[in-house]
Amino acid sequence: MSEAVISRDVARWGIPELRGHSIPGSRYTSKEFAEQEWEQMWTKAWLLLGRESELPNYGDWQMEEVGPESIIMVRQEDGSVKAFYNVCQHRGNPLVDEEKGSAKRFVCRYHSWAFMPDGSLNFAPDRHDFPQGDPCDHVRLAELRCDTFAGFVWVNMDPDCISLKEYLGPIWEDWQRWEIQNWRRYVGLTTELPCNWKVVLDNFNESYHVPTVHLGATIKTNRRKVFSNVNTNVDETLFDMSEEGQNRMIMEGGYAAGQTDKMGNIMEPMASELRFWNMDPADFKGRPEDTRLALQKAKREQGPKRGYTHYDNLPDAALTDAFHYTLFPNFAVSVWADGFHFLRARPHPNGDPQQCVFDNWWYCSQPEGEKAPVSTQIGPLPRNHPDEHIKFKYGERSMGKTIDEDMAVFIMQQRGFRSRGFKGVYLAQQENRVSRYHELIDDYIEGRRPLKKKKTK
Ligand code: FES
Ligand SMILES: [Fe+2]
């Protein structure tokens, strides 16, 4: 299987020139560096923060934290979404402390100032008693830039930021094809992790670790033969990086190599996936690599009739392969034909650079007539009830086998970054998304972020 097999129907983005970069351990441990990141990058980049389906009706709201900030996203009367800092403009009390709700007015629990869903102040007790004038005439909640895309709510704390569409670059068109806005969350696990948030993102910016950490490869293993449900061979993986700072990696999936027993019989979960698409796993005995194209053909023919209408928008590769994206600064996702593996890391609210908050969620397509998510690609994850969100501290429960394996490394690596003996990273070509990502952080810190064009008179 060669690169051409994936790429013939996938438009490429290209790979921008890299400057080359030094990445010392202090980037993951220093409070001073974390403060620079916060002031220059987190408060200026577009952040994927909420989900539109959490806000179906006027006044519905969702609150999410990013580092020290907490942000409320609210459905407006005209159907749009606005985002506000979660802080009362009287004397600074946070307005809400739950994750979500519905409000006719946000009433502060300190002195009862009441803000409308559009941020205007509607009521203040003793409003005649303010020498500077009635606060209802002057005061509003502090608003952030906010936009929606792919069913998610995105915010930016920088009033001078470029539009979300410009920021996302090729993601804007790429993602439309899956119709992700209609997908529903089936796994919602959030944990606090004792590592810097970049440890998480670095890991999802490379697949170099996959054979060692997830597939049991040793130094004696022939890595070309290490296959799982995805083909991890670097020479057969497609890498793209956009000028805007977004990355993509495509790995062949539906491959079934590594999913046969000694007799060559196809094992689970591939066997179930083949049956789901009306094929007999026995027909592929000894030929697991043939499952990929057979699945593409079956999904293409049967999918739209069975409610998988988004297949009509997708290239063949996207019917079986893993389209893995990392969005600057803190979001990684593997998009499968029917599954969206959502991985996000945020700085910890307590300001400690050696801690972060990590989300491991799955969204699945909702074809009409299907009761459960079809995605056999979710694998043996601990599924919770749709829309349920479980928060816990690292170690209190599993995040699923693969992510547990990643997290065990994150924590050890954070220890290594504290060592005076660590001389800085030494990266392979296939890790150049890690380089690019750190270059972008420095671009923001050093004042080279993209800015909206000033209107000329
Ligand atoms: S701080 Fe909110 S009403 Fe006083
Ligand atoms: Fe991993």
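Small disclaimer: the values here were computed from a predicted structure and weren't measured. Just so you know, ligand 1 is whichever comes first in the structure, and atom 1 is the first atom listed for that ligand. Atom set for the values below is all heavy atoms of this structure, side chains included, hydrogens, waters and symmetry mates excluded.
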Degrees at atom 2 (Fe) of ligand 1 between the SG atom of Cys88 and the SG atom of Cys108, nearest 10°
110°

Polar contact flag, side-chain donor to acceptor under 3.5 angstrom, Thr190-His389
yes

Shortest protein contact, atom 1 (S) of ligand 1 (heavy atom only)
Arg91 N, 3.3 Å

Decide ring-ring contact (aromatic ring centres under 6.0 Å, His included) for Phe331 and Trp154; before the verdict, give the C-alpha distance in whole Å, the side-chain angles of both, and the deciding distance to 0.1 Å.
CA-CA 12 Å; Phe331 186 69; Trp154 310 66; 7.1 Å; no

Please walk me through it: do Phe115 and Asn122 pass side-chain contact (heavy atoms from CB on, under 4.5 Å)?
CA-CA 5 Å; Phe115 296 88; Asn122 167 267; over 6 Å; no

Show which atoms of ligand 1 fall inside a sub-4.0 Å distance from at least one heavy-atom site of Asn93.
1 (S)

Do any N/O/S atoms of Asp406 come under 2.8 Å of the Fe ion (ligand 2)?
yes

Can you name the atoms of ligand 1, numbered from 1 with element, that are less than 4.0 Å from a heavy atom of Trp113?
3 (S)

Trp178 and Tyr311: CA distance, side-chain angles, deciding distance, side-chain contact (heavy atoms from CB on, under 4.5 Å) verdict:
CA-CA 8 Å; Trp178 280 277; Tyr311 289 1; over 6 Å; no

Closest approach to the Fe ion (ligand 2) by His214, given as the N, O or S atom name:
NE2

If you stand at atom 4 (Fe) of ligand 1 and look out to ND1 of His111 and ND1 of His90, what angle do those two lines make, to 10°?
90°

Using only heavy-atom distances, determine whether the side chains of Gln354 and Gln414 contain a donor-acceptor pair under 3.5 Å.
yes

At a 4.0 Å threshold, what atoms of ligand 1 neighbour a non-hydrogen atom of Tyr110?
1 (S), 4 (Fe)

Honestly, is Arg51 close enough over Phe152, meaning NZ or CZ under 6.0 Å from the six-membered ring centre and within 45° of the axis?
yes

